[in-house]
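Structure, as structure tokens:
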Amino acid sequence: MEIKITNLRKHFGKTKAVDDISFSFGSGDVFGFVGPNGAGKTTTMRILATLEEPTDGDACFDGVSVVEEPEKVRYKVGYVPDSLPTHSDITVHEYLDFFARAYGISGKQREKTVEGIEEFTNVVGIREKLLKSLSKGMKQRVSLGRAMIHDPEVLVMDEPASGLDPRARVELRELLSLLAGQGKAILVSSHILTELTEICNGVVIIERGMLLETGRLEDVVAKSAPVRVVTIRPLSRYAEVYRTLLETPGVENVRRSAAELRVEVAASDEICCDLLMKLVECGYRIAEFKQHRTDLEDVFMRITKGDLQ
């Protein structure tokens, strides 16, 4: 499955919520969709879920257009909104069963499907509870179950970790990794960028409705951060280690503190390995050599300005 977004635009009056963005991802991918509040993430996701029509451009799921054939796209995509609608008189089981019926699943197959989804999302113990009585975390589980009831090839998830406690966020990360391993294509937005770094292999960054960066996560990080910071703590001969670092090719900057040296080198594992080997070969006793890898949060802060629409 390939999902291709091409020159997508969505205008609300004079406001350009989505302004000519293009990107793609596919089966087995978990792409983080990142941007400040008001950047156009939710609008883009609603277009992918066929809940909004674009002003211009298109999004295609293996060539099936959200503009031309939205009814076919709905069977390919599962959408998890940022909050589950509150229904006062329906249980978790009734809610999931309703959507199974809506997707044309009937008889014994529907019973088996709903039971399987309840087990997979771990809501068996609350299946008879009313939706309105559930915690935020439990509602997110039910929302994910509803999105998966028809076994879609693509999941579009808008802030699924919002309001979750630490354990629930860990379980969500594990669930997304499992789904990607099953071949699902996942687009997930979140403001918890350190967690996205752990599960995503790709990223889309937008601001004011415009695309700033997209691609494989390691490529985007390398492009945004050409240097890597390494903390070095020698046991002795501090001044000698400092002078050696200043004279070493590839070292771009050295900053001193009471017991440590913070070194900026080109963002390369090979250069870091060579640097450590050189220090050891010179006879220096190194108690700590720690790389500070650039993550998605660093990239986000570097390339966005915090502008709002």
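Only this structure's heavy atoms are used, side chains among them; waters, hydrogens and symmetry mates stay out.
The number of heavy atoms from other shown groups lying within 6.0 Å of CZ (Arg237) is above 12. Other residues, nucleotides and ligands contribute only 12 or fewer heavy atoms inside 6.0 Å of the CD atom of Glu68. Atom NZ of Lys223 sits in a sparse spot, with 12 or fewer heavy atoms from other residues, nucleotides or ligands closer than 6.0 Å. No more than 12 heavy atoms of other residues, nucleotides or ligands shown are found within 6.0 angstrom of NZ on Lys72. In Glu53, the CD atom is not crowded: 12 or fewer heavy atoms of neighbouring residues, nucleotides or ligands sit closer than 6.0 Å. Other residues, nucleotides and ligands place no more than 12 heavy atoms under 6.0 Å from the CZ atom of Phe98.
Using a cut-off of 4.0 Å between Lys/Arg side-chain N and Asp/Glu carboxylate O, Asp269 and Arg228 are scored as salt-bridged. Using a 4.0 Å cut-off between a side-chain N of Lys or Arg and a carboxylate O of Asp or Glu, Asp151 and Lys184 qualify as a salt bridge. A salt bridge links Asp29 and Arg216; the closest N-O separation between the charged side-chain nitrogens and carboxylate oxygens is under 4.0 Å. Salt bridge present: Glu195 and Arg173 bring a charged side-chain N and a carboxylate O closer than 4.0 Å.
Side chain of Ser189 to main chain of Glu159: a donor-acceptor pair is present (N/O by atom type, distance under 3.5 Å, no hydrogens or angles). Using modelled atom types, no side-chain atom of Thr248 and backbone atom of Val251 make a donor-acceptor pair closer than 3.5 Å. Checked by atom type and distance alone, the side chain of Ser190 never pairs as donor or acceptor with a backbone atom of Leu196 at under 3.5 Å.
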Test log, rule salt bridge (Lys or Arg N to Asp or Glu O under 4.0 Å), inputs Arg110 and Asp97: CA-CA 7 Å; Arg110 187 179 73 250; Asp97 184 72; 2.8 Å; yes
Could you walk me through whether Gln109 and Thr113 pass the side chain to side chain donor-acceptor pair (under 3.5 Å) test, one step at a time? CA-CA 6 Å; Gln109 182 61 38; Thr113 297; 3.2 Å; yes
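Between Tyr95 and Phe99, the distance from one ring center to the other falls under 6.0 angstrom.
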